[in-house]
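Chain letters run A, B, ... following the sequence lines, proteins first, then strands; residues in each count from 1. This structure is a prediction, so every number in the text was calculated from the model and none was measured.
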Amino acid sequence: MTHIEQALRQLVEYDVEFIIVGGVAATYYGSAYITSDLDICYARHETNLKKLVDALRPWHPLLRGVHDPVPFLFDAQTIKAGLNFTFTTDIGDIDILGELTGLGGYDKLFPLSFETNVFNINCRMLNLDTLIEAKRKAGRQKDITVALELEAIKELERKRKR
Amino acid sequence: MAEVHDKEEPYAKGMDSHKTAVERAREYGIDISLIEEKLKLTPTERLKGLQNWMEFTEELRRARERDLNKNDGT
């Protein structure tokens with residue numbers, strides 16, 4: 001289980017630059033798909049990497065799905081050397097993505113996102129069209145399901161506004 | 001009222017581009033009524049619902065673990 005509210009609050013308190021993407025964003029728009037992790041796209045500049053690491057470190061992030069113990073130092077340098085990481089933490093599964101497949105990283109996604117308020121927390125959300133595109137490009141069965149849901153949502157909302 | 005057609009080519013195999021997004025989703029097996037219920041909620045209510053669901057599934061997982069430890073788990 002991922003404590004979404006707690007994770008978002010901590011990231012915002014540490015002033016991390018991030019955009020909510022993935023299943024939580026899909027839920028925001030009205031998808032009925034149940035996700036079990038929080039996916040964020042983070043800015044890759046050094047100050048932000050440090051803030052991100054400071055924000056997540058208290059929850060002891062470990063690489064998810066690694067069965068044999070591997071040496072892993074959770075610090076800004078490690079994050080800089082990699083790109084997309086899937087973590088299991090004390091408050092649940094959190095994926096930090098330097099880039100979304102075929103769409104790019106934080107700087108490219110920033111103008112395709114907007115500020116919203118959830119749980120009384122101001123944070124950035126990927127816009128609906130880009131989320132649909134991201135899901136299409138990811139192309140796994142579950143992504144296609146969510147993309148189809150989101151397209152239906154877009155259509156239902158368009159009709160509702162008429 | 002005329003249905004709105006998505007101009008983009010469907011990317012899931014075997015989909016009919018002449019169908020509306022809702023029709024395509026329904027054909028794929030998506031329960032549109034669940035989405036319609038979600039759309040009645042605010043975004044924060046939707047995320048709280050997701051959080052509650054995660055907590056519930058975690059409790060189910062713990063219960064299963066407890067039961068497995070108690071007996072043979074069948």
request  = Could you tell me which portion of T27(A) (side chain, backbone, both or neither) has an atom closer than 4.5 angstrom to a non-hydrogen atom of chain B?
outcome  = both
query = How long is the gap from CD on E155(A) to CZ on R24(B), to the nearest 0.5 Å?
reply = 8.0 Å
request  = Look at the side-chain heavy atoms of Ile, Leu, Val, Met, Phe, Trp and Tyr, link any pair under 4.5 Å apart, and say whether L63(A) and L83(A) land in one connected group.
outcome  = no
request  = Step through the shown structure and confirm whether more than 12 heavy atoms of other residues, nucleotides or ligands are within 6.0 Å of CD on Q77(A).
outcome  = no
query = So how far is it from T44(B) OG1 to E5(A) CD, rounded to the nearest 0.5 Å?
reply = 9.0 Å
ask   = Do the side chain of E151(A) and the main chain of A21(B) share a donor and acceptor less than 3.5 angstrom apart?
value = no
key: Donor-acceptor contact below 3.5 Å, side chain Q51(B) vs main chain I4(A)   = yes
note = Most contact-rich option vs chain A, by heavy-atom pairs under 4.5 angstrom, among I30(B), L34(B), L41(B), I32(B), is I30(B)
Separation of L39(B) CG from E157(A) CD (nearest 0.5 Å) = 5.5 Å
note = Heavy-atom nearest pair, I144(A) first then Y28(B), reads CG2-OH, 3.6 Å
note = Under 4.5 Å to a heavy atom of chain B? For Q141(A) that would be both
Closest non-hydrogen atom pair between M54(B) and D37(A), with its separation = CE-N, 4.1 Å
request  = With chain B as the partner chain, list the residues of residues 113-130 of chain A whose heavy atoms fall under 4.5 Å from it, by residue number, and write 'none' if nothing qualifies.
outcome  = N117(A), V118(A), F119(A)
key: Co-membership, hydrophobic cluster, residues V66(A) and L62(A), 4.5 Å side-chain   = no
query = When only heavy atoms count and the cut-off is under 4.5 Å, which of residues 42-59 of chain A reach chain B?
reply = none
remark   = Output for pair (T20(B) OG1, R158(A) CZ), nearest 0.5 Å, gives 9.5 Å
message = Using the rule that Ile, Leu, Val, Met, Phe, Trp and Tyr join whenever any side-chain heavy atoms are under 4.5 Å apart, tell me whether L103(A) and V24(A) fall into a single cluster.
response = yes
